[in-house]
Visitor: 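Structure below; questions to follow.
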Amino acid sequence: MQDSRIHRQYPFDEIEPKWQRYWEENKIYQTDLSKSGNKLYCLMMFIYPSGDKMHIGHWYNYGITDSWARFKRMLGYNVFEPMGYDAFGLPAENYALKFGVHPAISTQNNIDYIRNQLRGIGAMFDWSKEISTTDAKFYKWTQWLFLKLFAKGLAYRKMAPVNWCPSCQTVLANEQVIDGRCERCDSEVTHRDLTQWFFKITEYADRLLAGHKKLDWPSKTISMQKNWIGRSDGCEIVFTEVSTGQDIPVFTTRADTVFGVTYIVLAPEHPLVHRITASSNIKAVRDYIEKARKQSEIERTSTVKEKTGVPTGAYAQNPINGENIPIWIADYVLLGYGTGAVMAVPGHDQRDFEFAKKFNLPVREVIIPAGGKSPDMLEAAYADEGIMVNSGDYSGLSSTDGQKKIAEHLKSIGRGEARVNYRLRDWLISRQRYWGVPIPIIRCHRCGEIAVPDDQLPILLPETTDFKPAGDGRSPLAKIPEFVNADCPKCGGPAERETETMDTFVDSTWYHLRFLDPDYENGPFNPSLAKKWMPVDRYVGGSEHAVTHLMFARFINMFLYDNGYVNFEEPYPILRHQGIITHHGAKMSKSHGNVVIPDDYIKIYGSDTFRAYLMFMGDYEEGGDWDDTGINGIHRFLGRVWRLIEPNCPDLAEKKFPLFIKDELEDADKELYIQLNRTIKKVREDLDAQKYNTAIASIMELVNSLYKNIEAGNQSPIFYHSIGDLILLLAPITPHLSEELYHIAGFEGSIFDAQYPDYDKDAIVGDNITMVIQINGKLRASIEVKPGIGQDEFEKIAFDYEGVRKYISGKSIIKKIFIKDRLLNIVVR
RNA sequence: GCGAGAGUGGCGGAAUUGGCAGACGCGCCGGACUUAGGAUCCGGUCCCUCACGGGGUGGGGGUUCGAGUCCCCCCUUUCGCACCA
C-alpha cells in the first residue's frame with residue numbers, strides 16, 4: 001500500500017464519522033423487538049477476541065452481510081443485527097500469559113479495540129444488545145444450561161482416553177483436533193486417560209442427522225456433519241474366546257461375510273487383551289502394545305504405512321459356523337470405534353486382506369459378484385456386495401438378504417443383532433484452564449456430584465494472579481482454596497467445587513438467544529421475545545465451524561426444544577458461509593505472518609471503499625487471495641459517483657418525477673430509462689443471490705452512461721430520476737456515501753428508511769434487439785430488429801444482407817436453425 | 001486413496017444455463033485538459049496477421065447446426081474425509 005500515490009476521491013473522512021454518529025444518535029439500528037412482523041434476524045458469528053484484532057476475514061463476513069441486510073431492510077424487513085464477543089478461551093488466555101496481563105484485562109482491552117474496529121465498518125449493529133460471554137450475567141446462564149443437561153443425565157463425568165494438548169495444557173474435544181493437532185496452537189496432540197466432563201451429544205446423533213433435511217445450508221457443510229456423525233448400519237456379532245469363554249463382540253457392516261472370517265483383531269488397548277493372551281505370547285504382545293502407545297495419533301492413523309500386528313495365541317469361536325480362529329492385535333483397529341475389535345474377512349475387506357497377506361493368514365472367498373466372474377483373490381479383496389458362497393445354508397443369498405438373515409439368527413441364539421454404530425463421540429467439555437466458565441458442580445464425599453442450586457448462580461470465576469496452567473492436568477482454580485472449599489448443597493458437609501472450566505464452544509451454543517434481551521434476569525433468554533424472533537433468519541460465518549459450533553449449537557437447541565424452553569428445533573435454518581480471504585495463497589494466521597488488518601485501508605480509502613472492494617473482488621462464497629491493487633479502482637468509482645451527484649443534484653428531492661411511459665420518451669432518454677430499469681432488476685436479483693460483484697459492475701455501467709448523458713448535454717428528468725435511484729441502489733453497498741448524497745439531494749431522514757427502487761417491467765425490453773446470423777455456426781452478421789420477429793420475416797432480412805449473401809451464394813442450404821430473438825444459423829454446403 | 005468444487009486475457013473476474021467468449025474493474029497504451037499529473041475526462045487493449053482472414057475458455061476425444069457450458073479419458077488445483085470394520 002503506497003498512500004502517497006492515493007488521491008482522496010471524496011471527503012469520506014468527514015462523511016463516515018458523521019453518519020455513524022447520526023445513526024447512533026437517532027437509534028436507526030435499534031430494532032424494536034416487540035414487533036415481529038417481517039422480522040429478519042440476521043446473525044453473523046460473533047467475534048472471538050483472542051488477542052488478534054479484527055482482520056479482513058471478519059470484515060468480509062460482517063461488512064458484506066451487513067450490506068445484504070441493509071438491502072433487505074430497504075425492501076421492508078425489520079432487521080435485527082446484533083454483535084458480541086466470544087471472549088473466553090485458550091487464545092485469549094495464551095495471549096494474556098504471553099504478555100503477563102491478566103486475561104480479564106487483556107480481554108477487556110481487546111474488546112475495546114475491536115469494538116472500535118467494528119464501529120468503523122458502519123454496520124447496522126444494534127449496540128444496545130451487545131453481549132460478552134465473559135460477562136457474569138451471561139455465563140450465569142451458561143452454567144444454568146450445564147445444570148439442565150446435568151439434571152437430565154446429559155452432562156456426566158467419565159474416565160476416558162482423551163486428547164491432551166501439551167502446549168495448551170488441557171484436554172480437547174475430538175472436534176478440536178485437526179489431523180492429530182491442536183486446532184488452536186497446532187501442537188501435536190497426545191493421549192491421556194483422564195476423568196472428564198462430557199455432554200451426551202451421541203444421544204442426539206440421529207436427530208442431528210434427521211434435522212439436516214430441514215436446513216437450507218451449504219451442502220458441503222451438511223455432508224461434513226454427516227461424515228462426522230458417521231452413522232453406520234451393521235451388526236454386532238459376539239465371538240467367544242475359547243479357553244476363557246470370554247465374549248468378544250465385534251461390529252461389522254458385512255455380516256454376510258461371516259463365513260469368510262479367518263481371524264479376529266483386537267485394538268492393542270482392548271481390555272481383554274491381557275486376559276486372553278497365551279503365556280508364550282505375552283512378551284511379544286506387551287512389546288507391541290508399548291510400541292503402539294508411543295506412536296502419535298498421526299503415525300497411528302496413517303493409511304500409507306504397512307500393517308503391523310502380533311498374534312495373542314488365543315482363539316475365538318465363530319458363533320455362526322463354530323469355527324475356531326486365531327486372535328491377533330493390530331493398531332489398524334481402533335479402540336474408540338465400534339467394539340474395538342473386528343472380525344477379519346481378508347477376502348472381502350482390503351485392510352484385512354493386506355494384513356492377511358503380510359502374516360500368511362488364510363483368505364476365503366464367500367461373496368461373488370452377482371452374475372459376474374469371481375475376481376482373483378490373490379490380487380485384492382472383493383469388497384462390493386454380491387452373492388454369498390461357501391456359506392452353508394446361506395449360500396446363494398444376496399449380501400443384503402444375508403445380512404438380514406444372519407442378524408436374525410444371531411439374535412435368536414443370543415450372539416448378536418443388528419446394530420447402528422456412530423463415529424460421533426460424546427462432546428468433551430471440561431478444560432483445565434482458568435479463562436472459562438466454571439462448571440457449577442460440588443463434589444461431596446458423601447453425596448457425590450451435586451448440582452449448584454440455581455439461586456447460587458453464577459459461580460464467579462475467582463480473581464487470581466496465578467492463572468497459569470499447572471501442567472499436572474489440574475485446573476488453576478484447584479490452587480485457590482477459597483474457591484475450592486464449599487458446603488455440600490445437599491448435606492451441608494464440607495465439599496469441594498469442580499475446578500474445571502467449560503469449553504468455549506458451550507458459550508456459543510445459545511448466544512443467539514441471549515442477544516434478544518442481554519439483561520434478562522429470569523432466565524437465559526426472554527421467552528416472549530424468543531417466540532417472536534427465533535429462529536435466526538440468516539446465519540453467516542466461516543465453514544470451519546461445520547462440525548464444532550454449528551453442530552454443538554444444533555444439539556443444545558434440540559435439548560432446549562425437548563425440554564420446552566424453545567419452540568423450534570433448528571436454531572439456524574438458513575446458513576451461508578463467507579469465502580476465505582487468503583494472503584499470498586495461504587490462510588491468514590499469525591504463524592504465517594500474513595494477517596492483513598483492515599484499519600490502514602479504512603484510514604486511506606474509507607470504510608465504504610473497503611466494503612465495496614471486498615464485494616467486488618469476486619464470488620462471495622469463494623473468497624480469494626487478498627490483493628489491494630484493485631482497490632483504487634473502486635475508490636475512483638465512488639469518486640465518480642460523488643462528482644456526478646454532489647454538484648448536480650441539490651433539490652433533487654423537490655423534483656416531482658412523472659410516471660414515465662417508455663414509448664413517450666425521446667431516444668436518449670428511452671435508452672437511459674431502459675438501462676436504469678435493467679440495472680435495478682439486475683442489482684435486486686444479484687444482491688439477493690449474494691452476487692455482489694456483478695451487482696456493482698452493473699451499477700458502474702449505469703454511472704458510465706450517466707456521464708455520457710452529461711457529456712451529451714442530456715440532463716432531462718429521466719437523468720435526475722436515474723440519479724435518485726442510483727443513490728438508493730448504492731445504499732447497501734456504500735452506506736455512508738449514499739446517506740450523504742441522499743441528504744445533499746435534499747431528502748430527509750435516513751436513506752435506510754427509504755424503499756429500494758423497483759423496476760418498471762415494461763421498460764426492461766428495448767425497441768430493438770440484436771440478432772445474430774451464423775453460417776455453419778460461425779458468426780457472420782448481427783442485425784438490429786424488433787423483438788419477437790418471426791422466422792420468415794427475419795430470413796427475408798438476413799438473406800438480403802450483403803454480409804450474409806457472400807457466404808451463401810453458390811452453396812446449397814441444408815438447414816436453418818432459428819432461435820427467437822437470438823439467432824439464425826444457416827448450414828450450407 | 002475416496003468424495004465434492006474449480007481451471008476463461010498480463011491480473012481479479014463476467015457470460016440470461018447449449019446460442020455474439022472476455023461484461024465490470026485493475027494494469028498497460030494513446031489522446032484531451034494542464035506549470036505539473038501520481039488528479040480528472042475520452043478512447044484503445046484475447047492471440048497471430050500490414051491486411052484479407054484465422055485461432056482461442058487446462059490437455060485429448062465425443063455429442064450437436066452450434067460447446068466455456070453436456071458426455072468420456074487425462075493433467076493441475078482448492079476443500080473435505082482418510083485403516084470407521
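Chain letters run A, B, ... following the sequence lines, proteins first and then strands; every chain starts at 1. If you're wondering where the values come from, they're calculated on a predicted model, not measured in any experiment.
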Visitor: OP1 or OP2 of B:C41 versus the side-chain N and O atoms of A:R643: is any pair under 4.0 Å?
Guide: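 For B:C41, OP1/OP2 do have a side-chain N/O of A:R643 under 4.0 Å.
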Visitor: Heavy atoms from C-beta onward define the side chain here; which of B:A23, B:G25, B:C79 lies closest to that of A:K220?
Guide: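 Of the candidates, B:C79 comes closest.
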Visitor: Who is the Watson-Crick or G-U wobble partner of B:U64, with both distances under 3.5 Å?
Guide: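 Base-paired to nothing in any strand shown.
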Visitor: Mind checking who B:A21 pairs with, Watson-Crick or G-U wobble, both distances under 3.5 Å?
Guide: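 For B:A21, the partner nucleotide comes out as none, under the 3.5 Å rule.
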Visitor: Using the C1' atom on both, measure B:C48 against B:C2 and round to a whole Å.
Guide: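 Going atom to atom, C1' in each nucleotide, I get 44 Å.
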Visitor: Using a heavy-atom cut-off of under 4.0 Å over every strand shown, decide if A:K708 touches base, sugar-phosphate, or nothing.
Guide: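 Touches sugar-phosphate only.
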Visitor: Do A:K307 and A:F355 meet the cation-pi criteria used here (NZ or CZ under 6.0 Å from the six-membered ring centre, within 45° of the axis)?
Guide: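 Because its charged atom misses either the 6.0 Å distance or the 45° angle limit, A:K307 does not stack over A:F355.
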Visitor: Is the backbone N or O of A:M388 less than 3.5 Å from a side-chain atom of A:S391, with the two atoms forming a donor-acceptor pair by type?
Guide: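 Not confirmed, A:S391 side chain does not pair with A:M388 backbone.
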Visitor: Would A:R423 count as a cation-pi partner of A:W228, with NZ or CZ less than 6.0 Å from the six-membered ring centre and within 45° of the ring normal?
Guide: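 Here A:R423 passes the 6.0 Å and 45° test against A:W228.
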Visitor: Can you tell me which nucleotide in B:C83, B:G25, B:A14 comes closest to the side chain of A:M700?
Guide: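 The closest nucleotide is B:G25.
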Visitor: Between A:N704 and B:A23, does any side-chain N or O lie under 4.0 Å from OP1 or OP2?
Guide: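 For B:A23, OP1/OP2 do not have a side-chain N/O of A:N704 under 4.0 Å.
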Visitor: Whether the A:T257 and A:H348 side chains hold a donor-acceptor pair (N or O, under 3.5 Å, no angle test) is what I'd like checked.
Guide: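 Their side chains do not contain a donor-acceptor pair, so the 3.5 Å distance test is not met.
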Visitor: Do A:L424 and A:E175 come close enough that some side-chain heavy atom pair is under 4.5 Å?
Guide: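 Touching, per the 4.5 Å side-chain cut-off.
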Visitor: Quick one: is A:S232 getting a side-chain N or O under 4.0 Å of the B:A85 phosphate, OP1 or OP2?
Guide: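 Yes.
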Visitor: Rounding to an integer number of angstrom, what distance separates B:U76 and B:A21 when you compare their P atoms?
Guide: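 Approximately 32 Å lies between the P atom of B:U76 and that of B:A21.
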Visitor: For B:G27 and A:R636 - does any side-chain N or O of the residue sit under 4.0 Å from the phosphate oxygens OP1/OP2?
Guide: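 Checking A:R636 against B:G27: at least one side-chain N or O falls below 4.0 Å of OP1 or OP2.
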Visitor: Starting at the 5' end of RNA chain B and moving along, which residue's nearest nucleotide shows up first, A:S698 or A:Y613?
Guide: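 Counting from the 5' end, the first nearest nucleotide belongs to A:Y613.
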Visitor: Can you tell which of B:C42, B:G19, B:A82 lies closest to the side chain of A:R423?
Guide: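 Nearest to the side-chain atoms of A:R423, counting from C-beta on, is B:A82.
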Visitor: In whole angstrom, give the distance that lies between atom NZ of A:K307 and atom C1' of B:A82.
Guide: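 Checked: the NZ to C1' distance equals 12 Å.
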Visitor: Nearest to the side chain of A:L823, which nucleotide is it out of B:G19, B:A14, B:C79?
Guide: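 Among the listed nucleotides, the one closest to the side chain of A:L823 is B:G19.
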Visitor: Considering only the C1' atoms, how many Å lie between B:G68 and B:G3, rounded to the nearest integer?
Guide: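 Between the two C1' atoms, the distance is 25 Å.
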Visitor: Please determine if a side-chain N or O atom of A:K815 lies less than 4.0 Å away from the OP1 or OP2 oxygen of B:C65.
Guide: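 Answer is yes, contact under 4.0 Å.
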Visitor: If I pick the P atom on B:A6 and the same atom on B:C70, what distance separates them, to the nearest angstrom?
Guide: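 It works out to 9 Å between them.
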Visitor: Can you measure A:Q774 atom CD to B:C20 atom C1' for me and round it to whole angstrom units?
Guide: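 Rounded to the whole Å, the gap is 8 Å.
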Visitor: Between B:G19, B:A14, B:C24, which one does the side chain of A:I819 approach most closely?
Guide: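 Output: B:G19.
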Visitor: Looking at A:F251, is A:R419 sitting on its ring face, NZ or CZ under 6.0 Å from the six-membered ring centre and within 45 degrees of the normal?
Guide: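 Output no; distance or angle outside limits.
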Visitor: Taking only the side-chain nitrogens and oxygens of A:N693, find out if one of them lies under 4.0 Å from OP1 or OP2 of B:A14.
Guide: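 Looking at the OP1 and OP2 atoms of B:A14, one of them is under 4.0 Å from a side-chain N or O of A:N693.
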Visitor: Check this for me, if you would: do A:D247 and A:R415 make a salt bridge, where the nitrogen-to-carboxylate-oxygen distance has to be below 4.0 angstrom?
Guide: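 Looking at A:R415 together with A:D247, the answer is yes, because their closest N to O distance falls below 4.0 Å.
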Visitor: Report the distance from atom CD of A:Q350 to atom C1' of B:G1, rounded to the nearest whole Å.
Guide: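 Atom-to-atom, A:Q350 to B:G1, this comes out as 11 Å.
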Visitor: Would B:G43 be called syn or anti, given that syn covers angles within 90° of 0?
Guide: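 Anti, angle beyond 90° from zero.
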Visitor: Of all the choices, B:G55, B:A85, B:C83, which nucleotide is nearest to the side chain of A:K778 once you look at every atom?
Guide: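 The answer is B:G55.
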Visitor: Grab the CD1-C1' distance between A:I178 and B:C79 for me, whole Å please.
Guide: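 From A:I178 CD1 to B:C79 C1': 13 Å.
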Visitor: Taking the six-membered ring of A:F818 as reference, does the NZ or CZ atom of A:K816 fall below 6.0 Å from its centre and within a 45° cone about the axis?
Guide: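 Verdict for A:F818: no cation-pi partner in A:K816.
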Visitor: Take atom CH2 of A:W626 and atom P of B:G12, then tell me their distance rounded to the nearest Å.
Guide: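 Result: 15 Å.
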Visitor: For atom C1', what is the distance between B:G7 and B:G22, given to the nearest Å?
Guide: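 Pairwise C1' distance, B:G7 against B:G22, rounds to 16 Å.
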Visitor: Under 4.0 Å, counting only non-hydrogen atoms across every strand here, what does A:T629 touch: a base, just sugar-phosphate, or nothing?
Guide: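 Sugar-phosphate contact only.
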Visitor: Give me the distance, rounded to whole Å, that separates B:G59 from B:G38 when you measure between the C1' atoms they each carry.
Guide: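 44 Å, rounded to whole Å.
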Visitor: Distance check, P atoms only: B:G25 and B:U40, in whole angstrom units.
Guide: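 It works out to 13 Å between them.
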Visitor: In whole angstroms, how far is the P atom of B:C65 from the CD1 atom of A:I817?
Guide: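 Atom-to-atom, A:I817 to B:C65, this comes out as 7 Å.
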Visitor: Of the candidate nucleotides B:C42, B:A85, B:C20, which contains the atom at the shortest distance from the side chain of A:V772?
Guide: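 Side chain of A:V772 sits closest to B:C20.
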Visitor: Flag the pair A:Y422 / A:T202 as yes when at least one side-chain heavy-atom distance between them is below 4.5 Å, and no otherwise.
Guide: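 When only atoms from C-beta onward are counted, A:T202 and A:Y422 do not touch, as no gap falls below 4.5 Å.
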Visitor: Give none if B:G9 has no partner; otherwise give the nucleotide forming a Watson-Crick or G-U wobble pair with it, both distances under 3.5 Å.
Guide: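 Pairing partner: none.
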Visitor: Would you say A:Q9 places a side-chain N or O within less than 4.0 Å of OP1 or OP2 belonging to B:U40?
Guide: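 Indeed, a polar side-chain atom of A:Q9 lies that close.
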Visitor: Please figure out whether A:E701 or A:T252 has its closest RNA chain B nucleotide nearer the 5' end.
Guide: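 Of the two residues, A:E701 wins.
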Visitor: Figure out the CG/C1' separation between A:L614 and B:G25, and round it to whole Å.
Guide: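 One finds 15 Å between C1' of B:G25 and CG of A:L614, rounded.
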Visitor: Base of B:U17 relative to its sugar, syn (within 90° of 0) or anti?
Guide: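 Syn, since the glycosidic angle lies within 90° of 0.
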Visitor: Can you tell me the pairing partner of B:G3 across any strand shown, Watson-Crick or G-U wobble, with both distances under 3.5 angstrom?
Guide: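 Check on B:G3: paired to B:C79, both distances under 3.5 Å.
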Visitor: Which of these nucleotides, B:A85, B:G53, B:G5, is closest to any side-chain atom of A:T253?
Guide: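 Within the option list, the nearest is B:A85.
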Visitor: How long is the line joining CE of A:M617 and P of B:G25, in whole Å?
Guide: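 The distance from CE of A:M617 to P of B:G25 comes to 18 Å, rounded to the nearest Å.
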Visitor: My understanding is that a pair needs two contacts under 3.5 Å, Watson-Crick or G-U wobble. By that rule, which nucleotide pairs with B:A32?
Guide: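 Answer to the pairing question: B:U40, which forms a Watson-Crick or G-U pair with B:A32.
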Visitor: Please check the phosphate of B:C41 (OP1 and OP2 only) for any side-chain N or O of A:R640 closer than 4.0 Å.
Guide: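 Yes, such a contact exists.
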Visitor: Describe the nucleic acid contact of A:V345 in one word from base, sugar-phosphate, nothing, applying a heavy-atom distance below 4.0 Å.
Guide: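 A:V345: no heavy atom of the nucleic acid under 4.0 Å.
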Visitor: Determine the interatomic distance between P on B:G30 and the same-named atom on B:A39; round to the nearest Å.
Guide: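 Taking atom P in both B:G30 and B:A39, they lie 15 Å apart.
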Visitor: Just checking A:G230: base, sugar-phosphate only, or nothing, at a heavy-atom cut-off of under 4.0 Å?
Guide: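 The residue A:G230 makes no contact with any strand.
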